[in-house]
Amino acid sequence: MKTNPGRFFEDYRIGEVIAHAVPRTVSGGERALYHALYPARGALYSSDAFAQACGLPQSPVDDLIAFHTVFGKTVPDISLNAVANLGYAEGRWLAPVYPGDTLRAQSEVIGLKENSNGASGNVYVRTAGLNQHGVTVLDYVRWVMVRKRSPDAPAPDPVVPALAKVVAPADLVVPQGLTFEGYDFALAGEPHRWGDYAVGEQIDHVDGVTIEEAEHMIATRLWQNTAKVHFDATFRPDGRRLIYGGHVISLARALSFNGLANAQMIVALNGGAHANPCFAGDTVKAWSEVLDKAETAAPGIGAIRLRLVATKQGAEPFALRGEAGKYLPEVLLDLDYWALMPL
Amino acid sequence: MKTNPGRFFEDYRIGEVIAHAVPRTVSGGERALYHALYPARGALYSSDAFAQACGLPQSPVDDLIAFHTVFGKTVPDISLNAVANLGYAEGRWLAPVYPGDTLRAQSEVIGLKENSNGASGNVYVRTAGLNQHGVTVLDYVRWVMVRKRSPDAPAPDPVVPALAKVVAPADLVVPQGLTFEGYDFALAGEPHRWGDYAVGEQIDHVDGVTIEEAEHMIATRLWQNTAKVHFDATFRPDGRRLIYGGHVISLARALSFNGLANAQMIVALNGGAHANPCFAGDTVKAWSEVLDKAETAAPGIGAIRLRLVATKQGAEPFALRGEAGKYLPEVLLDLDYWALMPL
Amino acid sequence: MKTNPGRFFEDYRIGEVIAHAVPRTVSGGERALYHALYPARGALYSSDAFAQACGLPQSPVDDLIAFHTVFGKTVPDISLNAVANLGYAEGRWLAPVYPGDTLRAQSEVIGLKENSNGASGNVYVRTAGLNQHGVTVLDYVRWVMVRKRSPDAPAPDPVVPALAKVVAPADLVVPQGLTFEGYDFALAGEPHRWGDYAVGEQIDHVDGVTIEEAEHMIATRLWQNTAKVHFDATFRPDGRRLIYGGHVISLARALSFNGLANAQMIVALNGGAHANPCFAGDTVKAWSEVLDKAETAAPGIGAIRLRLVATKQGAEPFALRGEAGKYLPEVLLDLDYWALMPL
C-alpha cells in the first residue's frame with residue numbers, strides 16, 4: 001500500500017524520534033494570508049519599521065504561524081488516527097521566524113499509556129520546530145489519544161511524563177536584541193502597559209467573527225494540515241467539517257488585540273484544551289484573564305501569563321465551567337500562555 | 001476598561017491630529033491576495049517587466065491596496081461608532097507603494113457639525129498615509145456621521161470645510177519617472193488610448209461577480225479593518241454581515257478593466273457614495289462614464305476622469321438615480337476618480 | 001465598443017500568433033496562496049532547503065501555477081466564446097518558475113475545423129509561456145470548440161494537426177542542475193521510489209476535499225482567468241458557477257501526494273479531459289494509475305507516466321468509464337502526465 005494509513009498506538013516506542021515530512025519555507029505570502037484569515041493587528045508582526053524599533057532585524061511572522069506550521073507537519077505521524085487531542089504543555093518559542101526561513105519538525109515519543117478499554121492509548125510527544133540553520137524555534141509537548149490497530153496488541157509499560165503545569169518565568173526566552181524601551185504605544189494601538197494589568201483581571205475582547213467553511217479550510221491547508229475531518233464533508237456521519245483547533249486559537253488570539261494590543265509576543269504555551277468542537281457558522285468571541293505576571297531581564301520587557309478563552313454564540317461573559325467542573329458547551333478553547341509586554 | 005470603545009462625536013476637536021495605530025509592511029503576499037480577491041488585471045500592477053518598461057523600478061501594489069490599508073487604520077479612531085460613511089473628497093495618490101514599504105496613517109480633524117437631532121454629528125478628517133521614509137503616499141478627506149456618547153454634550157461651533165468638487169488636473173501627481181511613451185497596448189490588453197475616449201461616453205463592463213462571505217471578510221481583514229458589522233453575523237438584527245464599501249470599490253474597479261484596461265493608475269478620488277448596502281450573494285457588475293479628460297506634463301500620459309458605478313442584480317444598464325434624484329436600490333457605489341492613461 | 005467580445009471561430013487564421021495580455025510577476029504570495037487553496041505538500045515546492053539539496057537555486061513555484069498563469073492569459077483570446085474545452089496534448093514544462101519571475105503567454109493557431117452544424121468549430125492552439133528572459137517555461141497544445149459569430153461565415157479549409165498521444169520520454173526536459181541523488185525520502189514524506197511503482201498499479205489517494213464557492217473563485221481569479229461562468233451566479237440558467245477545470249486538476253494533483261509524494265515534478269501533459277462539470281459542494285477525491293515508466297539521463301531521476309482521475313461523491317474506486325466507453329457521471333477529470341521521481 002502506497003498511501004499513509006497513519007500510525008496506531010502500538011506503532012510508537014518510548015524514545016523514538018520521528019522526523020516529520022515536508023519542510024516549509026515561509027514568506028510574505030504566509031504573513032499576508034495570516035492577516036487575511038485572522039483579525040491580527042499586533043504591530044510587531046505587522047510592520048518592519050515597528051519591529052526594527054524594537055531591536056529585531058525585521059517583522060517576524062506571527063508566533064502562531066510557527067506553531068501551526070510545525071503542528072501541521074506532525075499530523076500525518078501523530079494524529080491521523082487520533083481520537084482526541086488531549087493537551088499541550090511546556091511549549092516555548094525560542095527564536096523568531098522570519099520570511100525566508102524554512103521550518104521542519106521532529107517529535108520524540110516521551111510517554112505511552114494504554115487505556116483500560118484496550119482500544120486506544122495516550123501518546124505523549126515532545127515536538128521541536130527547527131529552522132534552516134538547525135536552530136530550534138519552538139518546542140512543545142502534546143498528547144493525543146490514538147486508536148490501536150489491533151485490540152490484541154500487548155500494552156506497553158505505561159510511561160507518563162512529569163510535565164510542568166506552567167513554564168517557569170526563568171525559562172522564558174526573550175528573542176535576542178528585543179527591547180521595548182522605545183516602544184511606541186500610539187502605533188501599537190493601546191496605552192496599557194504591563195504595570196496596568198492586575199492578576200485576576202478579566203477582559204472581554206468584545207469583537208466577534210462568524211466563521212465560514214472556506215476560511216478555516218484555507219487556513220488549515222496553509223499549515224499543510226490535511227486531516228480529513230477538516231476538509232471532507234462526507235467523512236463525519238453528520239456531514240460537518242470539524243474546524244482545526246488551531247484555527248480557533250489564532251482567531252481568539254487575534255481578537256484579544258482589543259484589550260491586549262501590547263501582549264506582543266507569545267513566548268510560552270503552558271497548557272490548553274479544545275473544550276468543544278467548532279463548526280462553520282459559529283460566531284467566535286474571546287475573553288482573557290491575567291493569571292500571573294513576571295519580570296524579565298530584557299530591557300523594558302515584562303511577561304504576562306494569560307488565560308485565553310474562545311466562546312461561541314450563546315456564551316455568558318467570563319463563564320467557563322459548569323456542573324462538576326465541566327466546560328460549558330459554548331466554550332471552545334481554554335488556553336494558558338505567556339506573552340511579552342512593555343513595562 | 002482596556003478595550004477600545006471608539007470615539008464619540010464629542011471626543012473630536014478641530015485641528016486635532018490622530019496618529020492611527022498598527023503600521024503595516026506590504027509584500028508580494030498582499031499583492032497576490034489582491035489579485036485573488038478581485039479580478040484585477042491592470043498590467044502595471046501585475047508585471048515588474050511592464051512597470052519597468054513604464055519607467056518604474058518595479059510593479060507597485062494596486063493603488064487601492066494603499067487606500068484600503070490607510071483606511072483600515074483609521075477605523076478604530078474614526079468610524080467605530082459611525083452611523084454612516086458620508087463622503088470622500090480631495091483624494092490624491094502622491095507616490096506609488098512597493099512591496100517592502102511600511103504604511104502608517106494619521107488624520108487631522110478639519111470639520112465638525114452636530115446634527116439637529118442632538119444625537120450625532122458629522123466629523124470631517126483629512127487622512128494621510130505615509131511610508132517608512134515619511135513620504136505621504138495618499139491623502140484624502142472623508143466625512144462620517146458619528147454618534148454622541150451623551151445627548152447632553154454641548155454642540156461644538158460648527159466647522160464645515162470647503163471641499164473641492166473635483167481635484168483640478170493641475171493638482172494630479174504623476175509618479176516620478178512614469179512614462180507611457182513605449183506603452184505596449186497588446187500586453188496591456190486593449191488598444192483604446194486616451195484619445196479614443198470621449199467625455200460623456202458610457203461603458204458597460206459586462207462581467208459580474210457573485211460575492212461570498214469568506215471573500216469579503218478575507219479582504220477586509222487584510223486591510224486590518226475590524227469593524228464588527230463586517231464579520232459578526234450576530235451583530236445586526238437581521239443577521240447579515242454588511243460588506244465593507246471598499247470591497248465594492250475594488251471589485252468594481254477590477255471589473256472596469258474590460259473596457260478601461262488602459263486606465264492604469266488612479267491618481268485622484270474626487271468623491272464617492274456607497275449608495276446602498278452590499279451583502280454576500282449579491283452579484284456585482286459595473287459601468288463607467290467618462291466625466292472629463294485632461295493633459296499632463298508627463299511623457300505620453302493623459303488623465304481621464306471617470307464615474308465608476310457598481311450595481312447588483314436587477315440593475316438596468318446605466319441607470320443611476322430614480323425619483324427625486326435618489327440612487328436606485330440596485331446601485332451600490334458611485335465613485336468619481338482620475339486615472340492616468342496612455343495618449 | 002470598448003469591451004472585449006472575445007473571438008469567434010471565423011476570427012482565427014492558421015499560423016496566426018496571438019500575444020496574450022497582462023504579463024504577471026509571481027511571488028511568495030502566489031506560492032502561499034497555492035498551498036492555502038490546495039493540499040499541496042510536494043517538498044520540492046515547499047522548501048528552499050529541500051530544493052537546494054536537489055540542485056535548484058531555490059524552491060520553484062508549483063508547476064501548475066505556471067500552467068494556470070499561462071492558461072489564464074489565453075482565456076480572453078481563446079475561450080471567451082468557447083462551448084467546450086476539448087483536449088490538451090504535447091504539454092511540456094521546460095524551465096522552473098521562481099518567485100520574482102514574470103510570465104507572459106502567446107498562442108499560435110495550428111488547427112481549424114468547422115463543425116458540420118455550421119454553428120461552431122474547433123480551434124487548435126499551441127500556447128507558450130515565457131519568462132522575463134524570453135525563455136519558454138511551458139508549451140502545450142489545447143483545442144476548444146468556439147461559436148461562430150455568424151452562421152453564414154464561410155468554413156475555412158480544415159486543418160487538424162497531428163498530435164502525439166504521449167510526449168516521448170526522450171523529449172522530457174529535466175531542469176538544469178536537478179539531481180535526486182541525495183534525495184531525502186523522510187523529508188519528502190514517503191519511502192516509495194521509482195522502482196517501487198509498477199506499470200498498471202492503481203493508487204487510491206484516500207483523502208477528499210469538499211469545495212466551497214469562495215475557494216474556486218479565489219483560485220481562478222489568482223490566475224487572472226475571468227471567464228464569467230466561474231464567477232457570476234446569474235450567468236447560467238441554473239444559477240450555478242461552473243468550477244474552472246484547472247482547479248480540479250490542482251486539487252487532484254495535490255491529493256495525489258498521499259501515495260505519490262515523490263512524483264515531484266510535472267514535466268509533461270500528455271492529454272486530459274474534463275469529463276464532467278464540477279460545482280461547489282462537490283467532494284473531490286482522486287486516484288492514479290501508473291501508465292508507463294522511463295529512465296532519464298539526469299542523476300537519480302526517473303520518469304513516471306500517470307493517469308490522474310478526479311471524482312466526486314458517489315464514485316466507485318477506480319471506475320472510469322461506463323457504457324459505450326463514456327465517462328461515468330462521477331468522474332470529473334482524466335489527466336495523463338509525466339512526473340519526475342527519485343530512482
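Predicted model only: the values in this text are computed from it and were never measured. Quick note: numbers below take in every heavy atom, side chains included, and nothing from hydrogens, waters or symmetry partners. Per chain, numbering begins at 1; letters A, B, ... match sequence-line order.
Neither the backbone nor the side chain of C:A254 comes within contact range of chain A; no heavy atom of the residue lies under 4.5 Å from a heavy atom of that chain. Of the two parts of A:H230, neither the backbone nor the side chain holds a non-hydrogen atom closer than 4.5 Å to a non-hydrogen atom of chain C. Using a 4.5 Å cut-off between heavy atoms, C:F185 makes no contact with chain A at all. Proximity to chain C (any heavy atom under 4.5 Å) is restricted, for A:S27, to the side chain, taken from C-beta onward. No part of A:A32 comes within reach of chain C, as not one of its non-hydrogen atoms sits under 4.5 angstrom from that chain. With a threshold of 4.5 angstrom between heavy atoms, C:L44 does not approach chain A through any atom at all. Interface remark: A:R241 contributes side-chain atoms only to the contact with chain C (heavy atom separation under 4.5 Å). For A:M1, the part lying under 4.5 angstrom from a heavy atom of chain C is the backbone only. Interface residue A:L33: only side-chain heavy atoms are found under 4.5 Å from chain C. Of the two parts of A:P99, neither the backbone nor the side chain holds a non-hydrogen atom closer than 4.5 Å to a non-hydrogen atom of chain C. Only the backbone of C:D204 comes within less than 4.5 Å of a heavy atom in chain A; its side chain stays farther off.
Taking 4.0 Å as the cut-off between side-chain N and carboxylate O, C:E201 and A:K2 count as a salt-bridged pair.
For the options A:E213, A:R104, A:K73, heavy-atom pairs under 4.5 Å to chain C are most numerous at A:E213. Chosen from C:A214, C:A43, C:A49, the residue pairing most often with chain A at heavy-atom distances under 4.5 Å is C:A49. Ranked by heavy-atom pairs shorter than 4.5 Å toward chain A, the options C:G28, C:G208, C:S59 are led by C:G208. Note: A:M217 leads A:M217, A:Q132, A:H20 in heavy-atom pairs under 4.5 Å with chain C.
From A:T25, atom OG1 reaches atom CD of C:Q58 across 9.0 Å, with rounding to the nearest 0.5 Å. Separation of atoms CG (A:N4) and CZ (C:F257) is listed at 9.0 Å; rounding is to 0.5 Å. Within the model, atoms CG of C:D48 and OG1 of A:T102 stand 5.0 Å from one another, a figure rounded to the nearest 0.5 Å. Expressed to the nearest 0.5 Å, how far CZ of A:F235 lies from CG of C:D207 amounts to 9.0 Å. Once rounded to the nearest 0.5 Å, the distance linking CD1 of A:I218 with OH of C:Y38 reads 10.5 Å.
The shortest non-hydrogen separation linking C:R41 to A:P76 is NH1-CG, 3.8 Å.
No side-chain heavy atom of C:N258 sits less than 4.5 Å from a side-chain heavy atom of A:T226. A 4.5 Å side-chain heavy-atom check between A:R24 and C:S47 finds every atom pair outside the cut-off. Taking the side chain as every heavy atom from C-beta outward, A:V22 and C:L187 never approach each other to under 4.5 Å.
Between the side chain of A:D232 and the backbone N or O of C:T283, no donor-acceptor pair lies under 3.5 Å. Within the 3.5 Å criterion, the main-chain N or O of A:P23 finds a donor-acceptor partner in the side chain of C:S46. Using a distance-only test at 3.5 Å, with no hydrogens or angles considered, no donor-acceptor pair links the side chain of C:Q313 to the main chain of A:T234. In this structure, the side chain of C:T210 engages the main chain of A:A233 through a donor-acceptor pair within 3.5 Å.
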- Task: Give the intermediate values and the outcome of side-chain contact (heavy atoms from CB on, under 4.5 Å) for residues A:R221 and C:H35.
- Result: CA-CA 7 Å; A:R221 259 188 305 249; C:H35 282 89; over 6 Å; no
